[in-house]
Amino acid sequence: MCGIVGYIGNKKASGILLNGLAALEYRGYDSAGIAVLNDRIEVIKVKGKVADLVSACLSTKAALNGTIGIGHTRWATHGKPSKENAHPHSNDEFAIVHNGIIENFKEIDDFLFQHGYKKISATDTETILLLIDYFSKTLSTFEALKKAVSLLKGSFAIALIRANEERIYAAKKESPLLIGIKEDELFLASDVSAFLEHTKQFIPLEENDVAILEKNGTFHIYNNDMKVERPKKSVNWNLQTAKKGGFKHFMLKEISEEDEALANTIYAYVKNDDIDLDVDESLLKNTKRIIIVACGTSYYAGLTSKYFFEELLSIPTNVEIASEFRYAKPIVYEDDNTLFVAISQSGETADTKESLNLARKLGIKTISIVNVQESTIARLSDFVIYTLAGPEISVASTKAFVCQLAVLYMLALKIAKLKGIDVKNYVKELTAIPSILKQEFNRINSEIEQIAKKYFNVKNFMYLGRGISYPLSLEGALKLKEISYIHAEGYPAGELKHGPIALIDENTPTFVIAPNQEPFYSKTISNANEVKARNGKIILLSDKYFSIADDFIQSPTVSYYFSAFVNILPLQLFAYHIANILGNDVDQPRNLAKSVTVE
Ligand code: F6R
């Protein structure tokens with residue numbers, strides 16, 4: 001989704017901004033631009049990619065020598081992708097970039113119109129620019145910014161520059177904004193990746209903070225008119241993990257890193273057979289009910305873990321889609337001892353964040369499982385358990401999924417242990433998974449590429465599984481549709497004959513996930529037979545062969561609850577290879593964004 005970068009220092013800003021925007025490309029976007037403070041503000045923007053913006057900057061007649069500037073990648077919300085709607089928005093005086101959504105922009109537009117202002121773009125961001133301009137007629141830039149943001153409803157992270165002022169102004173509400181710090185240089189960004197090549201030190205702005213960044217590394221943060229100090233943080237990611245490292249796409253690189261990401265995550269918490277989660281133990285011990293909330297792939301990780309939670313703990317575990325939960329009326333009793341778990345790779349997903357806020361309002365204790373340090377969801381939760389997946393750049397989430405699942409399993413194991421259940425064997429099984437995944441990637445990657453070559457031109461795909469393999473069928477279908485644009489449905493295998501079997505014919509193959517665990521295996525194979533009887537092709541993913549398979553992917557034998565960790569890998573690789581064969585933009589699929597910060 002949209003990305004912000006800003007720079008103020010002693011180097012040419014344009015190159016730093018363009019590199020910062022390139023590092024934010026993974027978030028998904030449709031246009032990009034920069035504004036650099038020279039004698040006046042120079043704005044260059046394009047519909048398209050950062051590479052197009054670089055060409056536009058190289059061919060501009062304007063001298064981009066300034067050492068102060070702001071940049072943006074835009075993912076269209078208000079107004080279609082176009083040069084006019086791209087940020088920065090500017091007039092002779094100001095340039096602004098903005099992430100988020102201004103809900104009351106129409107009312108403000110009416111007000112501005114009455115005062116002689118006219119918009120050029122269809123965006124809500126230009127509304128902010130004009131409102132600041134309006135107030136700046138009587139107020140200083142800082143006061144005008146404060147006055148303008150006090151009237152905005154919705155979410156925003158804003159960076160603003162003004163002609164003849166050697167400063168960057170910033171404001172934040174419900175959308176992340178970080179100040180990167182490097183001696184006498186400062187960066188402003190919506191995400192650490194934008195300045196990771198320069199510094200790992202940063203300060204996340206907090207709700208309703210307004211900041212001024214000046215030359216020589218000086219900055220001031222205010223909240224409610226009071227000057228405030230915010231703690232400095234340091235990110236432990238390195239630049240190398242955020243680069244492609246010889247792989248054609250980040251997605252394949254990230255799938256190949258699953259073993260390492262998983263080992264890092266597991267060994268951060270498993271210590272000598274015990275699990276150390278930094279969560280209040282009495283809270284965990286007394287838990288009687290668990291609500292897990294997330295979106296997309298994170299939701300499927302939650303759904304997969306439900307089977308393990310309920311088997312191990314015998315406590316009800318509800319897994320909810322965040323965009324539904326946030327508007328639901330959850331029933332909570334005082335003695336319920338409900339534990340709320342939010343899962344989010346980015347830690348910024350708007351619906352998950354609002355679900356978390358709802359849980360907090362209801363007085364439920366919250367834990368978040370998050371990959372990005374110091375992200376909003378992490379900071380809002382009572383407790384955070386980080387996945388140590390490292391930066392996930394590809395829009396399609398892969399290594400985050402296995403790490404989320406591992407954390408969910410460790411949470412279940414910790415609660416079980418506190419309740420006096422012997423979990424030694426489960427811990428042993430979990431710690432064995434990373435090395436299995438490492439071998440599996442090397443063993444099956446090219447085999448799956450060959451299978452993908454047989455199926456890349458179909459229009460529809462069915463994915464079936466039972467029990468713990470059902471959420472995997474949903475995740476397999478999601479991966480395929482998001483990057484290959486092939487329509488895919490994930491279904492519980494037993495539901496097939498209640499409707500979707502009507503879709504099956506010789507052109508609609510079915511991916512069947514069937515670990516060798518009864519009664520699931522035999523029942524799933526029966527459903528696969530029903531597909532076969534209707535001329536449907538079968539790709540069988542299992543540790544036990546059955547002659548029905550047109551293509552068979554042999555999975556390693558692990559116990560039932562751990563089969564999800566090993567079976568997700570072929571599903572991800574299959575989607576990847578299909579999309580790659582089709583020549584799609586695998587890492588930045590159309591219409592999608594990495595971090596979904598709007599509803
Ligand atoms: C799919 C995918 C999305 C995300 C979803 C939640 O590959 O990446 O479905 O899983 O948008 O994102 P996070 O986990 O950042 O909250």
Side-chain angles (χ1 to χ4, degrees), residues 1-3 26-28 75 175-176 190-191 193 249-252 254-255 258 261 265 292-305 319-326 341-357 368-381 384-387 389-405 407-408 463 471-472 474-485 488 490 568-569 571-576 578-579 584-599:
M1 211 145 258
C2 303
Y26 75 95
R27 295 167 69 96
W75 187 81
S175 187
S190 47
D191 170 334
S193 333
H249 294 106
F250 279 113
M251 183 176 175
L252 188 59
E254 288 163 8
I255 297 172
E258 279 178 11
T265 303
I292 300 176
V293 174
C295 299
T297 293
S298 299
Y299 167 72
Y300 294 141
L303 206 55
T304 310
S305 74
V319 187
E320 311 276 352
I321 291 176
S323 56
E324 291 297 315
F325 184 84
R326 66 179 286 188
V341 181
I343 314 169
S344 177
Q345 186 285 128
S346 61
E348 301 297 345
T349 302
D351 288 321
T352 310
K353 186 181 74 182
E354 286 315 315
S355 298
L356 181 72
N357 280 332
S368 63
I369 298 174
V370 167
N371 194 43
V372 178
Q373 291 169 61
E374 298 302 327
S375 53
T376 309
I377 290 173
R379 283 187 286 126
L380 283 174
S381 317
V384 190
I385 312 173
Y386 283 110
T387 48
E392 193 180 63
I393 307 294
S394 172
V395 164
S397 189
T398 54
K399 61 178 177 171
F401 176 91
V402 286
C403 293
Q404 289 165 344
L405 197 57
V407 169
L408 287 157
Y463 284 72
L472 289 194
L474 297 172
E475 173 60 5
L478 175 69
K479 279 289 93 81
L480 187 71
K481 63 188 139 195
E482 66 179 325
I483 58 170
S484 74
Y485 319 139
I568 191 62
L569 182 72
L571 294 169
Q572 295 166 340
L573 284 171
F574 184 69
Y576 169 77
I578 295 241
N584 292 354
D585 190 348
V586 173
D587 289 329
Q588 291 165 47
R590 70 184 183 202
N591 306 339
L592 293 181
K594 182 68 183 161
S595 180
V596 185
T597 49
V598 293
E599 273 194 67

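Positions are given from 1 along the sequence. Counting starts at 1 for both ligands and their atoms, in listed order. In this text, all values refer to a predicted model and were calculated from it rather than measured experimentally.
Judged by distance alone, the side chains of Glu475 and Thr297 do bring a donor and an acceptor atom under 3.5 Å apart. A donor and an acceptor atom, one from each side chain of Ser381 and Ser368, are located under 3.5 Å apart.
Between Glu482 and ligand 1, an N or O atom pair is found at a separation short of 3.5 Å. Considering both main-chain and side-chain atoms, Val395 comes within under 3.5 Å of ligand 1 through a nitrogen or oxygen pair.
With Ser323 contributing its side chain and Asp351 its backbone, the two residues share no donor-acceptor pair below 3.5 Å. Side chain of Asn371 to backbone of Gly390: a donor-acceptor contact under 3.5 angstrom is found. For Asn584 (side chain) and Ile483 (main-chain N/O), a donor-acceptor pair under 3.5 Å exists by modelled atom type. Under the 3.5 Å distance criterion, the side-chain polar atoms of Lys479 are left unmatched by any main-chain donor or acceptor of Gln572.
The protein heavy atom nearest to atom 11 (O) of ligand 1 is Val596 CG2, 4.0 Å. With respect to atom 5 (C) of ligand 1, the closest heavy atom belonging to the protein is Cys295 O, 3.6 Å. Among all non-hydrogen protein atoms, the one lying nearest atom 15 (O) of ligand 1 is Ser346 OG, 2.6 Å. Looking only at heavy atoms of the protein, atom 3 (C) of ligand 1 is closest to Thr297 N, 4.1 Å.
Proximity to Ala396 (heavy-atom distance under 4.0 Å) selects the following atoms of ligand 1: 7 (O). Each of the atoms 13 (P), 14 (O), 15 (O), 16 (O) of ligand 1 lies under 4.0 Å from some heavy atom of Ser344. Atoms of ligand 1 lying under 4.0 Å from at least one heavy atom of Thr349, given by number and element, are 12 (O), 13 (P), 15 (O), 16 (O). Close contacts between ligand 1 and Ser298 involve ligand atoms 10 (O), 13 (P), 14 (O) [criterion: under 4.0 Å to a heavy atom].
The closest approach between Lys479 and ligand 1 falls below 4.0 Å for a heavy atom of the residue.
For Glu320, there are no side chain to side chain donor-acceptor pair (under 3.5 Å) partners at least two apart in sequence or on another chain. Every side chain to side chain donor-acceptor pair (under 3.5 Å) that Glu348 has, sequence neighbours left out, goes to Thr376.
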